[in-house]
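Proteins get letters first, then strands, A, B, ... in listed order; numbering begins at 1 in each.
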2 protein chains.
Amino acid sequence: MARTAGSHSDITGPRIREAALRLFAKHGYAAVSMRRIASEVGVQAGALYNYIPDKQALLFSLLKGHMDELLEAWDETAPGGDPLARLEAFVRFHIRFTLRRPESIFISYMELRNLEPENFIQIEALRGRYEAVLEQILRDGQAAGNLSVPDTRIAAFALIGMLTGVNTWYREGGRLSEDEVAALYWDMARKAVGAG
Amino acid sequence: MARTAGSHSDITGPRIREAALRLFAKHGYAAVSMRRIASEVGVQAGALYNYIPDKQALLFSLLKGHMDELLEAWDETAPGGDPLARLEAFVRFHIRFTLRRPESIFISYMELRNLEPENFIQIEALRGRYEAVLEQILRDGQAAGNLSVPDTRIAAFALIGMLTGVNTWYREGGRLSEDEVAALYWDMARKAVGAG
DNA sequence: GTCTATATTAGGATAGAC
DNA sequence: GTCTATCCTAATATAGAC
């Protein structure tokens, strides 16, 4: 949808972020030029700089937005009570989020190395908070005798790695629904932490 | 170690590959220039082209070399017999390989998107062969009643994701030895597939 | 707010001297 | 086999017209 001229401040900003997210996920931050993003949006490269100060800020904004959204979504979802129920909620939440925001999940750890040091520190801190959520659930479950893992910290990493890996094979419209995928992963995750 | 002149064909070739592997893993293929690789090796950029036709061929060569090495190493390691023993061997093999070749493992799936189509197809085929190894073990174990997973294909992806994730936290010289890490992961992997 | 035009820097790759 | 020098292309970012 090529366009010619005029003012579209309301929609251009979001469209820049959408295009950048999609292109960064597909080709990588360093491989995507500002011209290419602009072309996807239907403007010239110079117009992007009405919305972002530079390319790095665009990447940071996408990652920061993703992590904030992830943590807020969990805070709204998180149940209390039984550690095992909380673990199941976390697993299903993570799978659902990963399936619905595959590009955000993808760049949020693929493009960490392209963040400048200050930005990297901020994103890493948010990531750490998310991992700590799972580790706390595992610790509580261990203390309550609901489950048994050799090391709560490493078990948390192992579980997140297992769950996030769904991105490598899942394609929308495939043989399994979102709920079926979540059920499969919950079955394996539950057993992995000795709550079988 | 800057150098000035002379002929070093025996060592320059391998050093180019080592430098490229390290830099690609740290910063990403697209973010690393040929000049930077040359600088690490201690030659000028033009000299690289005595060893490789272009940058893309360098990336492909690294990924191809890694996958070949991975598959050959497994063929030499793979035991026969009991599916559960084969599964344990696979888990320990994968953890050991991942810990010893973190950079190769890292770029072998981070840089897939920077491969040109023909090259991508080749690497994907090799990756598929490796995943098929694990899936066959799971199928055999399922048939023999050694283990129980909801879906052998997805369980294979889940396990590989879990195991490869060790790269995100393991640092040499940390509190855990390679064998201890392998034991932790084997414990979780074994339980995850219902062979607890 | 967007365009066109451009300053400036850096990239991949090659040519020819040594 | 490596160096220096360079071609050519493309990148980020900015300036000024509309």
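The shortest non-hydrogen separation linking A:Lys191 to B:Ala192 is CD-O, 3.8 Å. Looking at every heavy atom in both residues, A:Phe106 comes nearest to A:Asn167 through N-ND2, 4.4 Å. Minimum interatomic distance between A:Asp54 and A:Tyr49 (heavy atoms only, all atoms of both residues): CA-CE2, 4.2 Å.
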Using a cutoff of under 3.5 Å, can you pull out all pairs of nitrogen or oxygen atoms linking the protein to nucleotides 13-15 of chain C, with atom names and distances?
unit_1, atom_1, unit_2, atom_2, d
C:dA13, OP2, B:Tyr49, OH, 3.0
C:dA13, OP2, B:Lys55, N, 3.1

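Checking the phosphate oxygens (OP1, OP2) of D:dT4, a side-chain nitrogen or oxygen of B:Gln44 falls inside 4.0 Å. Residue B:Thr12 places none of its side-chain N or O atoms closer than 4.0 Å to OP1 or OP2 of D:dG1. For the OP1/OP2 pair of C:dG11 and a distance below 4.0 Å, the side-chain nitrogens and oxygens of B:Ser33 include at least one atom meeting the criterion.
Side-chain N/O atoms of A:Gln142 and A:Arg139 include no donor and acceptor closer than 3.5 Å.
Among residue pairs with one or both ends in residues 70-87 of chain A, those qualifying as side-chain hydrogen bond (donor to acceptor under 3.5 Å, both in side chains) are A:Arg86-A:Asp140; sequence neighbours excluded.
For B:Ile52 and C:dG12, the CD1 to P distance is 10 Å, given to the nearest whole Å. The CD atom of B:Glu116 sits 13 Å away from the C1' atom of C:dG12 (whole-angstrom rounding). Between the C1' atom of C:dG1 and the CD1 atom of A:Ile11 lies a distance of 12 Å, rounded to the nearest Å. The OH-P distance, from B:Tyr29 to C:dG12, rounds to 8 Å in whole Å.
Not a single donor-acceptor pair under 3.5 Å links the side chain of B:Lys64 to the backbone N or O of B:Gln122.
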